[in-house]
Undergrad: 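This structure is in structure tokens; I'll ask about it shortly.
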Amino acid sequence: AMNRSDVGGRPTPPHTLDALVSLGAAAFGKHEANLFSGSGILLLPEHRLAMCIIPKNGCTTLKWVAMVLLGHSPSSVCACKSSEWGCLGNRINDMHGGRFWHGSLQVHSKETLRSHMDAMRAAFTSPSWTAVAFVRDPVVRVRSAYQEDLRDKSNLASREGLLKYVEENVPARTTAHATHQSDYCGLGHGLKYDHYLDVDDGGLGEFNRILATTHPPFASTLLTTGWETCTAGRRASLVDAPALSTSHGNPVSNASSAAAKNAFWEAKLINNTTLNSIFAEFKDDYRVLPRSYLKAMQNRLSAAKSAMP
């Protein structure tokens with residue numbers, strides 16, 4: 001797992017939160033600030049837990065988890081028939097009135113930041129709170145975003161299409177997926193989290209361990225038992241990520257690891273030109289996310305250069 005030492009080592013200074021307020025609407029990405037947003041910072045004051053939820057970073061699964069943290073059973077949050085996403089509906093289940101979300105606070109706009117400022121100060125400055133950001137390698141995320149935004153035409157995914165997506169759709173923020181991770185959760189404006197959990201690399205397993213250390217703690221088996229209704233493979237553990245769903249018609253979606261899926265698609269859709277474009281476009285993400293992502297990109301670029309004739 002990655003923590004603050006991977007992004008500079010310092011906790012969030014109090015003046016950073018004041019600066020967020022001063023920025024107003026500019027502190028939030030346009031998709032995060034949308035009234036129907038299901039992203040941003042989710043605060044659970046009873047357990048002193050803050051979760052940064054970002055589109056394409058396992059957000060559907062994390063919202064299921066959040067509802068269970070708020071006292072609902074996995075079978076109840078995944079049993080709704082009105083949506084393929086269970087009881088989430090089209091947004092974060094009507095965050096301001098939905099019965100599954102009582103006991104939580106969502107910070108995703110200048111208005112919600114002002115309303116919940118006391119809880120935000122506690123979440124990011126008090127040692128009794130735990131702040132967790134769910135993150136993803138920018139290369140993996142934008143490739144996955146491109147394929148999902150193709151919807152029923154995902155079989156037409158191509159290197160040329162991905163390059164165009166990076167160079168046109170992402171700068172224009174055409175969808176909530178065609179975005180930077182630094183658009184969300186104050187990441188681009190100095191907010192530091194206690195833990196940065198990679199959803200492709202054991203993040204849910206590590207989150208399960210972290211939950212047993214909150215105040216008061218959750219059960220150590222919270223994410224490993226009772227999730228049959230939610231997992232595509234009807235498995236009890238939510239931590240077993242490959243069983244959660246198929247991915248964009250991916251023929252290796254049930255591979256032994258997310259790494260195998262990502263390697264399959266990276267070889268198919270990404271070349272040196274695309275890597276350079278991604279590196280240039282997502283420079284803000286590489287600045288604020290764990291340094292391991294920057295190192296991985298540098299390794300990719302080096303390998304691609306070596307392979308050139």
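Everything numeric in this text was worked out from a predicted model, so none of it was measured.
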Undergrad: After noting the C-alpha distance and the side-chain angles of L69 and M51, does the key distance pass the side-chain contact (heavy atoms from CB on, under 4.5 Å) rule?
TA: CA-CA 11 Å; L69 298 182; M51 298 169 60; 4.0 Å; yes

Undergrad: Assess the side chains of S109 and T112: does a donor N or O sit below 3.5 Å from an acceptor N or O?
TA: yes

Undergrad: For the atom pair OG1 (T61) and CD1 (I53), what is the distance rounded to the nearest 0.5 Å?
TA: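 It is 10.5 Å, given to the nearest 0.5 Å.
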
Undergrad: With no hydrogens and no angle check, just 3.5 Å: does a side-chain donor-acceptor pair link N299 and S302?
TA: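 Per modelled atom types, N299 and S302 side chains form no pair under 3.5 Å.
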
Undergrad: Is a donor from one side chain sitting under 3.5 angstrom from an acceptor on the other, for S76 and S73?
TA: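 The answer is yes; a qualifying pair exists.
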
Undergrad: Going hydrophobic residue to hydrophobic residue with side-chain gaps under 4.5 angstrom, can you get from L49 over to L197?
TA: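 Yes, L49 and L197 fall within the same hydrophobic cluster.
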
Undergrad: Just by modelled atom types, is the P55 backbone N or O under 3.5 Å from a matching donor or acceptor in the Y184 side chain?
TA: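 Not at all, since once roles are kept as given, no pair shorter than 3.5 Å links the two residues.
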
Undergrad: Given side-chain contact (heavy atoms from CB on, under 4.5 Å), test R159 with I270 step by step and report yes or no.
TA: CA-CA 6 Å; R159 288 182 176 180; I270 296 177; over 6 Å; no

Undergrad: I'd like to know if the side chain of D183 and the backbone of H180 have a donor-acceptor N/O pair within less than 3.5 Å.
TA: yes

Undergrad: For residues L191 and V288: do they belong to one hydrophobic cluster (side chain heavy atoms under 4.5 Å, members Ile, Leu, Val, Met, Phe, Trp, Tyr)?
TA: yes

Undergrad: Check whether any side-chain heavy atom of R48 sits under 4.5 Å from a side-chain heavy atom of T214, and report yes or no.
TA: no

Undergrad: Can you find a heavy atom in the side chain of H189 that is under 4.5 Å from one in the side chain of L23?
TA: yes

Undergrad: Under 4.5 Å between side-chain heavy atoms, hopping through other hydrophobics if needed: is there a path connecting F282 to V135?
TA: yes

Undergrad: Do NZ/NE/NH1/NH2 and the carboxylate oxygens of R136 and D285 come within less than 4.0 Å?
TA: no

Undergrad: Please report the shortest heavy-atom distance between L105 and A119, naming the atom on each side.
TA: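 Here L105 and A119 meet closest at CD1-CB, 3.9 Å.
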
Undergrad: Verify, without hydrogens or angle tests, whether D137 (side chain) and Y293 (backbone) share a donor-acceptor contact under 3.5 angstrom.
TA: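 No; zero donor-acceptor contacts below 3.5 Å.
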
Undergrad: Please give me the minimum heavy-atom distance between Y165 and H177, naming the atom from each residue.
TA: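 Closest approach of Y165 to H177, heavy atoms only: OH-C, 3.8 Å.
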
Undergrad: Ignoring hydrogens and angles, state whether a donor on the side chain of N262 or R143 is under 3.5 Å from an acceptor on the partner side chain.
TA: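 Their side chains do contain a donor-acceptor pair, which is all the 3.5 Å distance test asks for.
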
Undergrad: Tell me whether M120 shares a hydrophobic cluster with W129, the cluster being built from Ile, Leu, Val, Met, Phe, Trp, Tyr side chains joined at under 4.5 Å.
TA: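 Yes, M120 and W129 fall within the same hydrophobic cluster.
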
Undergrad: Between the main-chain N or O of D18 and the side-chain N or O of S22, is there a donor-acceptor pair closer than 3.5 Å?
TA: yes

Undergrad: I'd like to know whether I54 forms a side-chain contact (heavy atoms from CB on, under 4.5 Å) with C52, so could you lay out the CA-CA distance, the side-chain angles of the two residues, the decisive distance to 0.1 Å, and finally the verdict.
TA: CA-CA 7 Å; I54 300 172; C52 168; 3.7 Å; yes

Undergrad: Check whether any side-chain heavy atom of F124 sits under 4.5 Å from a side-chain heavy atom of I41, and report yes or no.
TA: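 Counting from C-beta outward, F124 and I41 do come under 4.5 Å.
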
Undergrad: Using modelled atom types and a 3.5 Å cut-off, is there a donor and acceptor pairing between side-chain atoms of D284 and backbone atoms of S182?
TA: no

Undergrad: Any idea which heavy atoms bring Q181 and L187 closest together, and the distance?
TA: O-CD1, 3.5 Å

Undergrad: Distance-only, no hydrogens or angles: does the W227 side chain make a donor-acceptor pair with backbone N or O of L222 under 3.5 Å?
TA: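 Yes, because the side chain of W227 sits within donor-acceptor range (under 3.5 Å) of the backbone of L222.
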
Undergrad: Atom CZ of R151 and atom CG of L156: how far apart are they, to the nearest 0.5 Å?
TA: 15.0 Å

Undergrad: Kindly say whether G38 contributes a backbone atom to a donor-acceptor pair with the side chain of K63 at under 3.5 angstrom?
TA: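 Confirmed, K63 side chain pairs with G38 backbone.
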
Undergrad: Below 4.0 angstrom, N of the basic side chain to O of the carboxylate: do K56 and E148 qualify?
TA: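 Yes, this pair counts.
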
Undergrad: State, yes or no, whether a side-chain contact exists between R291 and K295 at a heavy-atom distance under 4.5 Å.
TA: no

Undergrad: Quick one: pull up OH in Y146 and NZ in K164 and give me the separation to the nearest 0.5 Å.
TA: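 Y146 OH to K164 NZ: 10.0 Å, rounded to 0.5 Å.
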
Undergrad: Between the side chains of D149 and T175, does any donor sit under 3.5 Å from an acceptor?
TA: yes

Undergrad: Taking the side chain from R173 and the backbone from V170, do they hold a donor-acceptor pair closer than 3.5 Å?
TA: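 Yes; at least one donor-acceptor contact below 3.5 Å.
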
Undergrad: For side-chain contact (heavy atoms from CB on, under 4.5 Å), just list the numbers for F264 and K261, CA-CA rounded to whole Å, side-chain angles, deciding distance to a tenth of an Å, and then say yes or no.
TA: CA-CA 5 Å; F264 172 89; K261 290 193 290 186; 5.7 Å; no

Undergrad: I want to check something: taking the side chain as every heavy atom from C-beta on, are L70 and E46 in contact at a cut-off of under 4.5 Å?
TA: no

Undergrad: Would you say N57's side chain and F134's backbone share a donor-acceptor pair under 3.5 angstrom?
TA: yes

Undergrad: Which heavy atom of P74 sits nearest to which heavy atom of G226, and what is that distance?
TA: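 Nearest pair, atom of P74 first, then G226: CB-O, 3.3 Å.
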
Undergrad: Any side-chain heavy atom of S104 sitting closer than 4.5 Å to one from L42?
TA: yes

Undergrad: Using the six-membered ring wherever Trp is involved, compare the ring planes of H47 and F218 and label them parallel, tilted or perpendicular (cut-offs 30° and 60°).
TA: parallel

Undergrad: Quick one: closest heavy-atom pair of N208 and S220, and the distance?
TA: ND2-O, 2.9 Å

Undergrad: About how many Å separate CD of Q298 and CG of L275, when rounded to the nearest 0.5 Å?
TA: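 With rounding to 0.5 Å, CG (L275) is 12.5 Å from CD (Q298).
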
Undergrad: Any side-chain to backbone donor/acceptor pair from E167 onto E281? Under 3.5 Å, distance only.
TA: no

Undergrad: Establish whether L163 and L301 are linked, either directly or via other cluster members, by ILVMFWY side-chain heavy-atom contacts under 4.5 Å.
TA: no

Undergrad: Looking at CD1 of I278 and NZ of K283, how far apart are the two atoms once the value is rounded to the nearest 0.5 Å?
TA: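 Rounded to the nearest 0.5 Å, the CD1-NZ separation comes to 14.0 Å.
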
Undergrad: Quick one: does L294's side chain get under 4.5 Å of S292's, heavy atoms only?
TA: no

Undergrad: May I ask you to decide whether D200 forms a salt bridge with R141, counting only side-chain N to carboxylate O separations under 4.0 Å?
TA: no

Undergrad: Over all heavy atoms of both residues, which pair between L162 and V142 is shortest? Give the atoms and the distance, please.
TA: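 For L162 versus V142, the nearest heavy atoms are CD1-O, 4.0 Å.
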
Undergrad: How far does CE of M297 sit from OH of Y286, to the nearest 0.5 angstrom?
TA: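 Spacing of CE (M297) from OH (Y286) equals 3.0 Å.
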
Undergrad: Any side-chain heavy atom of P217 within less than 4.5 Å of one from L211?
TA: no

